[in-house]
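Below is one structure, written out as structure tokens; the observations come after it.
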Amino acid sequence: MQIATTRDVLRNAVAALRQDGVGQGRGRIALVPTMGALHEGHLTLVRRAREEADHVVASIFVNPKQFGPNEDLDAYPRQLAEDAALLEAEGCALLWAPTVSEMYPAGFVTNISVAGVSDGLCGAARPGHFDGVATVVCKLFNQVQPDVALFGEKDYQQLAVIRAMARDLDLALPCAESIIGVPTVREADGLAMSSRNRYLSAEQRAAAAALPRAMRTAIAAIEGGADVAGALAALQAEVIAAGFASVDYAELADSTSLAPLTVLGETPARLLIAARIGGTRLIDNMAVSA
Ligand code: AMP
């Protein structure tokens, strides 16, 4: 696996992969963007990417533009050598690992803001977060020009923002239709895998399993016809009782527009939650059948 840390090296490495196609003569490329500190969720994206293309390019970049002033940018785990070994073992062809100044050279002034879908949920709790995500992902798409790109449903709102950005900006490689969402990979007790889970103490880690458990209870109630507001209130109460410090939001939303829903309608819905345990903010989401 080659590791590129400058745009020049990346461009040449991507061009070489393009020359190396199985069958058709033009290598198909799948991109898996990450912030590193890789776990089984990320590696599942890489495995799925291998099914979609001849070559997998992964990126590791802890993007300062998507962290707020009081968030965990400095504390965010960085372990490039370990991550590179994991990616290589999964058959990744190329790792794109730019520095901050390579990604945002002096004089960088552009911002991509995807209105509407960025506004609620995590966007309300983390102002500017999705602008940072959209801006860096647009740059990654232009730098690598992949045929497909894979993202986790774990970050469901992020996936919706990126799909809207690709559609609205008429991106060609990847086009909006070739942005693939991969179901959330969970620990045995149901907790969604996250690089931030390593911040949890043993006690907090045990308590955190209450989050997906309480979500499943709420979903069963909503699907069974219970009042949505009542089910969401019970969900919040259960999460707090389990040891979480606060709930940023717990919402039922339309699964495409992410518009809040007060009743379960005819179209697919999603239950989304963000809650804090100790100093760690955990997010999760699950499908709700109409
Ligand atoms: P991150 O490094 O946290 O920015 O995540 C990089 C990519 O991996 C994003 O598309 C995430 O949605 C995805 N991802 C993170 N955790 C999981 C998980 N537990 N299951 C599936 N995908 C995940």
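Read the numbers this way: they start at 1 and go in the same order the structure lists the ligands and their atoms.
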[atom]: the protein heavy-atom neighbour that sits closest, reported with distance to 0.1 Å:
| atom | answer |
| --- | --- |
| atom 10 (O) of ligand 1 | G152 N, 2.9 Å |
| atom 11 (C) of ligand 1 | D155 OD2, 3.0 Å |
| atom 4 (O) of ligand 1 | M35 CG, 3.6 Å |
| atom 23 (C) of ligand 1 | K154 CB, 3.9 Å |
| atom 20 (N) of ligand 1 | V185 N, 2.8 Å |
| atom 15 (C) of ligand 1 | H39 CE1, 3.9 Å |

Below the 3.5 angstrom mark, is there an N/O of [X], backbone or side chain, next to an N/O of ligand 1?
| X | result |
| --- | --- |
| M193 | yes |
| H42 | yes |
| L45 | no |
| L150 | no |

Would you mind running through ligand 1 and noting each atom that sits below 4.0 Å from a heavy atom of [X]?
| X | answer |
| --- | --- |
| T184 | 19 (N), 20 (N), 21 (C) |
| F151 | 10 (O) |
| T34 | 2 (O), 6 (C) |
| P33 | 6 (C), 7 (C) |
| P183 | 21 (C) |

### Query
Honestly curious: do L150 and W96 fall in one hydrophobic cluster under the side-chain, below-4.5 Å linking rule?
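Cluster IDs for L150 and W96 differ.
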### Query
Can you get from M165 to M103 by hopping between Ile, Leu, Val, Met, Phe, Trp and Tyr side chains that sit under 4.5 Å apart?
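Yes; tracing contacts between hydrophobic side chains, which count when under 4.5 Å, links both residues.
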### Task
With heavy atoms only and a cut-off of under 4.0 Å, state how A37 meets ligand 1: side chain, backbone, both or neither.
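No part of A37 is near ligand 1 at this cut-off.
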### Query
Which bit of E153 is near ligand 1, meaning a heavy atom under 4.0 Å away: side chain, backbone, both or neither?
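Contact part for E153 vs ligand 1: neither.
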### Query
Does R126 come within less than 4.0 Å of D131, counting only side-chain N to carboxylate O?
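No, R126 and D131 are not salt-bridged.
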Side chain of [X], backbone of [Y]: donor and acceptor closer than 3.5 Å?
| X | Y | result |
| --- | --- | --- |
| H129 | G123 | no |
| D54 | R28 | yes |
| N285 | E153 | yes |
| T280 | R276 | no |

### Query
Side-chain donor-acceptor pair under 3.5 Å between N63 and Y104, yes or no?
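There is such a pair between these side chains.
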#### Entry: Test item, E40 contacting ligand 1 (heavy atom, 4.0 angstrom)
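Outside the 4.0 Å threshold, so no.
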### Message
For R163, is the CZ atom crowded, meaning more than 12 foreign heavy atoms sit under 6.0 Å from it?
### Response
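For R163, atom CZ is crowded (more than 12 foreign heavy atoms under 6.0 Å).
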### Query
Quick check: are there more than 12 heavy atoms from other residues, nucleotides or ligands sitting under 6.0 Å from CD of E40?
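Counting other residues, nucleotides and ligands, CD of E40 exceeds 12 neighbours.
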### V14 versus L94, closest heavy-atom pair with distance
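So the minimum-distance heavy-atom pair works out to CG2-CD2, 3.9 Å.
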